Number of protein chains: 2
Amino acid sequence: MTNNRSTSDKILQAAIDLMAEKGYDGTSTKEIAQVAGVNEVTVFRHFGTKGNLLEAALKRNHYAEEMTKLFHDRLVGDLHTDLLLIGRTYHQIMNQNRKLILIAQKGGSSLPEGVSEEADRHPQQLKKLLTDYLMEMSNEGKVMITNPELQALSFMWMHYGAFNSWLSTHVLEEFIEESTRLFARALTP
Amino acid sequence: MTNNRSTSDKILQAAIDLMAEKGYDGTSTKEIAQVAGVNEVTVFRHFGTKGNLLEAALKRNHYAEEMTKLFHDRLVGDLHTDLLLIGRTYHQIMNQNRKLILIAQKGGSSLPEGVSEEADRHPQQLKKLLTDYLMEMSNEGKVMITNPELQALSFMWMHYGAFNSWLSTHVLEEFIEESTRLFARALTP
DNA sequence: TAAAAATGTAAGTAAGTACTTGCATTCAAG
DNA sequence: CTTGAATGCAAGTACTTACTTACATTTTTA
């Protein structure tokens, strides 16, 4: 079709904003064009279909490998310190992708397939990293394990709930500290 | 309009099922009628508008006062025992209302106002009950409090995440036991 | 400045939406 | 058996949707 980066970007951003608020079905191409400040025809010239539009938006938002790198490079082997860093990084990444996550949550009748899978990938990966970390720490006698997978999931679900509550940065930071204390105390032998 | 209970019920159930799966916007009255096994006109004769349909579905699903009763009557003052009962009751209530909660989560362009508020009421209430419980237990020296509100929220968010993951009853029960152990251990002085 | 690419404008298509109307049919209650 | 309520059926309204086509205008590039 065409390629003017700034026009494409304006359209993508408008689509993401609107769909995060009103869902895929509830957002019309006409409205996307209007918010982007272009003609509706231009939307179709750039992306062909409404579905392509969302898929393009997905590709633009690189789900970070940041988390994997963190687990390999920046953990120090102290439970409280590590959980704090993991929690903070988790929210940082989730916030970057908040709108796409919202779109996936809301769903839609003709939502392109990749969307839900893409939204699932990240937590799946974190669960594995966190479970492995707990088992390793257990081997070193630094953590009390019963069911490491469920313990990892508890940690993640707790943070996911906080993420969904749109906390202010201040309250969020308080929560991260409080919940880390809680978990570290529960898991320390 | 009219009142044949079994017809109304069939329509309401079809609407709830479809909207929980595809969202309010993504569900057409035509499809609702088809799944309910009635003519589309009958849907409008019973409920007038699509919005009324959802509101009627809301009223049918009585959000339980069960939780309040539980906190007043059935808690015994032992942290582990109480948290276990609270967790189990939480999931029981949430499962009863799963589909309506899904509809509220997905949202929609013309979703009637009451829906989101109704879906919020229950967690709000639980948060207060749980916070008060923790403070009371703290007064008796049975619990170690730092920020009781955040501690209550952590507990709720963790369970909310589990609820959203559609666990089998077996895994869910395992999770409830594991997370209760975890919390009880963290909060015990 | 001239060609080419990107956009705007206007109009239209085909399908779907919520909702209505008029009339025929079923069915239960008096 | 008759009446009236509940439903089915067929058609239609007014509107929105995603998407297309043809042509004129602007902007970029060479």
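In what follows, every chain begins at residue 1, and chains take the letters A, B, ... in the order their sequences are listed. On a predicted model such as this, the values are computed, not experimentally measured, just so you know.
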Value in whole Å for how far the P atom of C:dT20 lies from CG of B:N52: 11 Å
Separation of atom CZ in A:F47 from atom P in D:dT20, rounded to whole Å: 15 Å
Nearest-angstrom distance from the residue atom CG of B:N39 to P of D:dC9: 6 Å
B:E40 CD to C:dC19 C1', straight-line distance once rounded to whole Å: 8 Å
Under 4.0 angstrom between A:T7 side-chain N/O and C:dT7 OP1 or OP2: yes
Salt bridge A:E136-A:K142, side-chain N to carboxylate O under 4.0 Å: no
Per B:S28 side chain, nearest of listed nucleotides C:dT17, D:dC19, C:dC19: C:dT17
Side-chain (B:N147) to main-chain (B:L150) donor-acceptor, under 3.5 angstrom: yes
B:R45 side chain, from C-beta outward: closest of C:dG22, C:dC19, C:dT9: C:dG22
Exam field: side chain A:K99 to backbone A:Q13, donor-acceptor pair closer than 3.5 Å: no
d(CG, B:L54; C1', C:dA18) in whole Å: 15 Å
Any donor-acceptor N or O pair under 3.5 Å, side chains A:E178, B:S154: no
side-chain hydrogen bond (donor to acceptor under 3.5 Å, both in side chains) between B:E40 and B:Q34, worked out: CA-CA 7 Å; B:E40 193 186 357; B:Q34 183 189 317; over 6 Å; no
Interatomic distance where NZ belongs to A:K50 and C1' belongs to D:dC19 [whole Å]: 12 Å
Protein-nucleotide distance (B:Q34, atom CD; C:dG16, atom P), rounded to Å: 13 Å
Minimum-distance nucleotide (side-chain atoms of B:T42 versus D:dA18, C:dG8, D:dG8): D:dG8
Sugar-phosphate only, base, or nothing, as touched by A:V41 at under 4.0 Å among non-hydrogen atoms: base
Phosphate OP1/OP2 of C:dT7 contacted by A:H46 side-chain N/O (<4.0 Å): yes
Separation of atom CE in B:M19 from atom P in C:dT17, rounded to whole Å: 13 Å
